[in-house]
Amino acid sequence: MDKIIIDGGKKLQGIVNISGFKNAAVAIIPATVLAGGKCIIENLPQISDVKTLGSILTNLGASVVEIDEKTMEVDTTKMNQCFADYEMAKELRASYYLLGAGLGRFKKARVIYPGGCSIGTRPIDQHIKGFEALGASVSIEHGLISVEAERLVGAEIYMDVVSVGATINIMLAATMAEGNTIIENAAKEPHIVDVANFLNCMGADIRGAGTDVIKIRGVEKLKGCNHMVIPDQIEAGTYMIAAAATGGDVIINNVIPKHLEAITAKLKEMGVEVVENGDSLRIISSKNLKNISIKTLVYPGFPTDLQQPMSSLLTIAKGTGMVTETIFEGRFKHVDELKRMGADIKVEGRVAVIQGVSNLMGAKVAASDLRAGAALLIAGLIAEGETEIENIHYIERGYDNVVEKLASLGASIKKIVG
Ligand code: EPZ
């Protein structure tokens, strides 16, 4: 069992470069199925989810070549089906984008029911609603989701819940439908725009991505193209929080500050200095931070993916903080582990009340999901003494070279291969 060991209490100082956005990359790679040609995807993060998706596409008959550590060439010309109905596809939630892409290109697809972080029930009813509105029939049997359509016809689809995954999946399926599709109450996250830009580069006709109304005019055919993935605002936010939590002074390069407005505002509210300089942010922090309240919301609100890392920071801020998680009902699994390190947190339903303590103490802890793992990394950087984190495969699914990047900022951190 691989572990990460941190000897905490050191200020993070220096420069870190942010990688490409995991949640954009894991949608863009399946979207290449629609091209029926050669795509070159650049600025990919070096994470296991990207590698897994490359293997899945290879198994489906695509040619996948790693040009370099951040660039993948995917040629889906020779693909003639999209049936990812085997265990590997269960490893990540984003496998479900193969449904929208396979439906769009082949008018049918089959994918094993998606896995992903256990942060709540994570239903897919809005994905199904969208596919059925376009004329597809959907069945879920023996843990497999199958979608099929004689014809895909554009439709007006109102999302009952703002869903990133469903918005992207419906966009994928609608690119070559006959006629126009309108997605109302669409998610507005930056990676929705990134995926739409990639699809338009392939020849799709998508307008309004980034707003809550997305219009898609179906086209006959798409083609291969090249695309550079946007920077990962969740990785960037995690390093901003880590710098703040250790009283450090860190320059974070390769970010889009606009995507980080919510986390920047909350850190400033705590007394952290955030200096914007083009595509870089400088975080200058002290150990004397004020506790605050956060409430997770869809973009541009405070991102749910930074709720867990932020909770670690609030455990040592002065006074009482409150965290309200409105997106996922099961996203407090990191709290028990933080309490083992001396945090004072009480969870009632979707609210965690955090009383700031003078410091955390190192302990043996285990990650339960990707961002819970990030929360434990930050707690370990804060804590006096040694923290040992198990289940680090969760962390490696979504953070590119996290041990090396933190070590380069002065953290005493190492990975033990067990
Ligand atoms: C994506 O998950 C991200 N994952 C998540 O990041 C992120 O937390 C989430 O969006 C919200 O931003 C990927 O992009 C691979 P949703 P997704 O559909 O698409 C409900 C991380 O840490 N819902 O926007 O699954 C759902 O239960 C991961 O990087 C339905 O009710 O999220 C939730 O309450 C974790 N029916 C809310 O909508 C549906 O059909 C938002 O979910 C779909 C979703």
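Every number for a ligand or one of its atoms is a count from 1 in the order of the listing. In this text the structure is predicted, and so the values were computed from the model without any measurement.
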I'd like to know if [X] contacts ligand 1, where contact means a heavy-atom distance under 4.0 Å to any ligand atom.
X	answer
Y394	no
R331	yes
I119	yes
P123	yes

For [X], take its heavy atoms, then give the atoms of ligand 1 lying under 4.0 Å from any of them.
X	answer
H127	40 (O)
G165	18 (O), 19 (O)
I124	39 (C), 40 (O)

For ligand 1, which part of [X] has a heavy atom less than 4.0 Å away: the side chain, the backbone, both, or neither?
X	value
Q126	both
S163	both
F328	side chain
K22	side chain
T304	side chain

Practice item. Could you verify whether a donor N or O on one side chain and an acceptor N or O on the other, from S408 and E404, lie under 3.5 Å apart? Key: no
Check your understanding: Cut-off 3.5 Å, side chains only: do N23 and H191 have a donor facing an acceptor?
Key -> no
Nearest neighbour in protein (non-hydrogen) for [atom]:
atom	value
atom 12 (O) of ligand 1	V164 CG2, 3.9 Å
atom 8 (O) of ligand 1	D305 OD1, 2.5 Å
atom 38 (O) of ligand 1	V161 CG1, 3.3 Å
atom 17 (P) of ligand 1	Y96 OH, 3.6 Å
atom 33 (C) of ligand 1	I327 O, 3.4 Å
atom 25 (O) of ligand 1	R93 NE, 2.7 Å
atom 22 (O) of ligand 1	R371 NE, 2.8 Å
atom 36 (N) of ligand 1	D125 OD1, 2.7 Å

Exercise for review: Evaluate side-chain hydrogen bond (donor to acceptor under 3.5 Å, both in side chains) for N253 paired with N17, printing each intermediate quantity in order.
Suggested key: CA-CA 5 Å; N253 284 337; N17 294 317; 3.3 Å; yes
Study note, to complete from the structure: To the nearest 0.5 Å, atom CG of L313 lies from atom CG of L267 at 6.5 Å
Revision key, fill the gap. Between the CD atom in E73 and the NZ atom in K38, the distance rounded to the nearest 0.5 Å is 4.0 Å
Exercise for review: Could you pull out the closest heavy-atom pair between L152 and L103, with the gap in Å?
Suggested key: CD1-O, 3.4 Å
Practice item. For D194 and H227, run side-chain contact (heavy atoms from CB on, under 4.5 Å): C-alpha distance rounded to whole Å, both residues' side-chain angles, the deciding distance at 0.1 Å, then the answer. Key: CA-CA 9 Å; D194 202 30; H227 183 78; 2.9 Å; yes
Practice item. Under the salt bridge (Lys or Arg N to Asp or Glu O under 4.0 Å) rule, what do R397 and D49 come out as? Steps first, then yes or no, please. Key: CA-CA 5 Å; R397 279 192 50 208; D49 276 6; 2.9 Å; yes
Practice item. Spell out, as yes or no, whether a donor-acceptor pair under 3.5 Å connects the side chain of N169 to the backbone of Y96. Key: yes
Exercise for review: Applying side-chain hydrogen bond (donor to acceptor under 3.5 Å, both in side chains), run through Q308 and D369 and close with a yes or a no.
Suggested key: CA-CA 10 Å; Q308 294 151 292; D369 57 76; 3.1 Å; yes
**Study point:** Steps toward side-chain hydrogen bond (donor to acceptor under 3.5 Å, both in side chains) verdict (N226, E42)
**Key:** CA-CA 8 Å; N226 297 355; E42 297 174 272; 5.5 Å; no
Check your understanding: Between D205 and R207, is a salt bridge (Lys or Arg N to Asp or Glu O under 4.0 Å) present by the stated rule, with each step listed?
Key -> CA-CA 7 Å; D205 183 350; R207 294 159 215 217; 3.0 Å; yes
**Study point:** CA sep, side-chain torsions, deciding dist, call: Q46, S19, side-chain hydrogen bond (donor to acceptor under 3.5 Å, both in side chains)
**Key:** CA-CA 8 Å; Q46 291 170 258; S19 303; over 6 Å; no
Point to revise | From I234, D232, N23, I128 - option closest to atom 3 (C) of ligand 1 by heavy atom | key: N23
